[in-house]
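See structure below.
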Protein chains: 2
Amino acid sequence: MTKPRGFVRKTKQRGAILRVLRNTDTHPTADWIYQEVRKEMPNVSLGTIYRNLKTLVEMGEVQELSYGSGHTRYDAKSHTHYHFVCDECGRIEDLDIPCMQDLNREVGKEVQGHVREHRLEFYGVCGECIAEQNRKTGSVS
Amino acid sequence: MTKPRGFVRKTKQRGAILRVLRNTDTHPTADWIYQEVRKEMPNVSLGTIYRNLKTLVEMGEVQELSYGSGHTRYDAKSHTHYHFVCDECGRIEDLDIPCMQDLNREVGKEVQGHVREHRLEFYGVCGECIAEQNRKTGSVS
DNA sequence: GTAAATGCAAAGAATTTGCTAGCCC
DNA sequence: GGGCTAGCAAATTCTTTGCATTTAC
């Protein structure tokens, strides 16, 4: 269900926002994040915070928690789930396959360290793009 | 489909780029490749990286992946295996757990598309860094 | 030798940012 | 009012290009 996005560039601001979000246990409001990011980047604007939070939510990096009215809150600990990435159109789909948490333990043992999380991504061509390709192959290559 | 290309000479730069690409399982960005190649060839330029990547794609040696978020990524079609990434020291370890090829089919069904490959990465803290941390906590105030 | 490839730097294309003013619940 | 969004010029990010110089064949 993730929206296909033309291009998402990497920026310092977005990086800082993610870092702040990942380094807190609270579920901060946009304004709190704003104050934090301002400490290391005094010129950042509130609009940027909002826009990036929106982007990060669309990218699946961050979860939006609306506690009724008032401030929306944000959370970087998006529960583990898997993605399918279309090489053609860049679309990213969330997958339904169950999360294999036990792998973390297994890998933890193998590397003799602590495993916090894992990411699993599938790459290929989505149904729509395959249809598109077939349509084209009908005419010219 | 291959564009008419007068002649393609073999160069150290292109060799280095291919080697870097073949020695990683990630799908690196042009810039990441640049940093790697620079380690053994400090004068290489970003333009050269881009030009060669383009050439290699045309030659069919390398695949270009427009991963929805971020820069274009490149892939030298290596066999699948999994990685553990230490958040502390950045070390990347290859893992021994068996490759779950059947997942590709399963996901292909779910998204009604074609799955070419998948990538699985574990994140956490490696044994050495944990030891390091314990050492610090034990001694320093 | 000579065409292809490189390094450097500067231009391009496209997204993001910082403001500020305005929106809506 | 307080949280949030819109509009736009300027700034950034990533990629490509022009050109003098090297390099591979």
Side-chain angles (χ1 to χ4, degrees), chain A residues 2-21 26-59 61-75 89-90 92, chain B residues 2-21 27-59 61-75:
Chain A
T2 321
K3 223 182 298 177
R5 244 167 174 281
F7 231 7
V8 179
R9 299 202 142 114
K10 203 167 143 189
T11 64
K12 286 175 190 164
Q13 287 85 344
R14 178 150 47 243
I17 291 171
L18 247 189
R19 196 165 45 249
V20 164
L21 263 173
T26 66
H27 298 174
T29 63
D31 194 66
W32 188 89
I33 297 169
Y34 176 46
Q35 304 302 341
E36 282 302 303
V37 174
R38 272 226 297 201
K39 288 179 187 169
E40 65 175 277
M41 212 179 277
N43 286 334
V44 77
S45 82
L46 189 54
T48 298
I49 304 290
Y50 277 110
R51 272 181 293 218
N52 273 309
L53 284 172
K54 186 162 275 185
T55 304
L56 288 168
V57 169
E58 279 173 13
M59 288 166 58
E61 293 287 341
V62 165
Q63 213 170 354
E64 209 178 54
L65 311 171
S66 335
Y67 284 124
S69 65
H71 306 193
T72 304
R73 288 162 172 281
Y74 298 87
D75 177 12
C89 65
I92 301 178
Chain B
T2 324
K3 229 178 282 182
R5 220 159 204 293
F7 191 54
V8 181
R9 293 194 166 137
K10 230 202 296 195
T11 63
K12 285 175 190 167
Q13 287 85 343
R14 177 152 48 246
I17 291 171
L18 245 189
R19 194 164 49 247
V20 164
L21 262 173
H27 305 281
T29 63
D31 194 67
W32 188 89
I33 297 169
Y34 176 47
Q35 303 302 340
E36 283 303 302
V37 173
R38 269 223 302 198
K39 288 179 187 168
E40 64 176 276
M41 210 180 278
N43 285 335
V44 77
S45 81
L46 231 197
T48 297
I49 304 290
Y50 276 108
R51 270 183 293 226
N52 273 307
L53 284 172
K54 184 160 275 184
T55 304
L56 287 167
V57 169
E58 280 172 12
M59 288 165 57
E61 293 286 341
V62 166
Q63 210 171 357
E64 209 180 53
L65 306 175
S66 52
Y67 182 5
S69 73
H71 334 162
T72 305
R73 289 160 174 281
Y74 299 88
D75 175 16

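Throughout, a chain's letter reflects where its sequence line sits, starting with A, and its residues are numbered from 1.
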Are B:Glu40 and B:Arg19 ion-paired here, with the side-chain N under 4.0 Å from a carboxylate O?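 Yes, this pair counts.
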For [N], does OP1 or OP2 lie under 4.0 Å from any side-chain N or O of [X]?
{"X": "B:Thr29", "N": "D:dC14", "result": "no"}
{"X": "A:Thr48", "N": "C:dG18", "result": "yes"}
{"X": "B:Arg14", "N": "C:dA5", "result": "yes"}
{"X": "A:Gln13", "N": "D:dT12", "result": "no"}
{"X": "B:Thr72", "N": "D:dT15", "result": "yes"}
{"X": "A:Ser45", "N": "C:dC19", "result": "no"}
{"X": "A:Tyr50", "N": "D:dT5", "result": "no"}

For A:Asn52, which contact category applies under a 4.0 Å heavy-atom criterion: base, sugar-phosphate, or nothing?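 A:Asn52: backbone/sugar contact only, no base atoms under 4.0 Å.
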How is B:Leu46 classified with respect to the nucleic acid when contacts are heavy atoms under 4.0 Å: base, sugar-phosphate, or nothing? base
CA sep, side-chain torsions, deciding dist, call: A:Thr55, A:Val62, side chain to side chain contact (heavy atoms under 4.5 Å, CB included): CA-CA 9 Å; A:Thr55 304; A:Val62 165; over 6 Å; no
Could you work out which one of [options] sits closest to the side chain of [X]?
{"X": "B:Lys54", "options": "D:dT16, C:dT6, C:dT17", "answer": "D:dT16"}
{"X": "B:Arg51", "options": "D:dC8, C:dA4, D:dC19", "answer": "D:dC19"}
{"X": "B:Val8", "options": "C:dT16, C:dA5, D:dT16", "answer": "C:dA5"}

Whichever of A:Ala30 and A:Thr11 has its nearest DNA chain D nucleotide further upstream toward 5':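 Closest to the 5' end, via its nearest nucleotide, is A:Ala30.
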In terms of the nearest nucleotide of DNA chain D, which residue is placed more toward the 5' end: A:Gly47 or B:Lys12?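 Residue closer to the 5' terminus by nearest nucleotide: A:Gly47.
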Check the pair A:Tyr50, A:Lys54 against side chain to side chain contact (heavy atoms under 4.5 Å, CB included), reporting the backbone distance first and the verdict last. CA-CA 6 Å; A:Tyr50 277 110; A:Lys54 186 162 275 185; over 6 Å; no
B:Tyr74: which of B:Ile49, B:Leu53, B:Leu56 passes side chain to side chain contact (heavy atoms under 4.5 Å, CB included): B:Leu53
Look only at the side chain of A:Arg73 and the backbone of A:His27, and say whether a donor-acceptor pair between them is shorter than 3.5 Å. yes
Within this structure, what is the CD1-to-P distance between A:Ile49 and D:dC4, rounded to whole angstrom? 12 Å
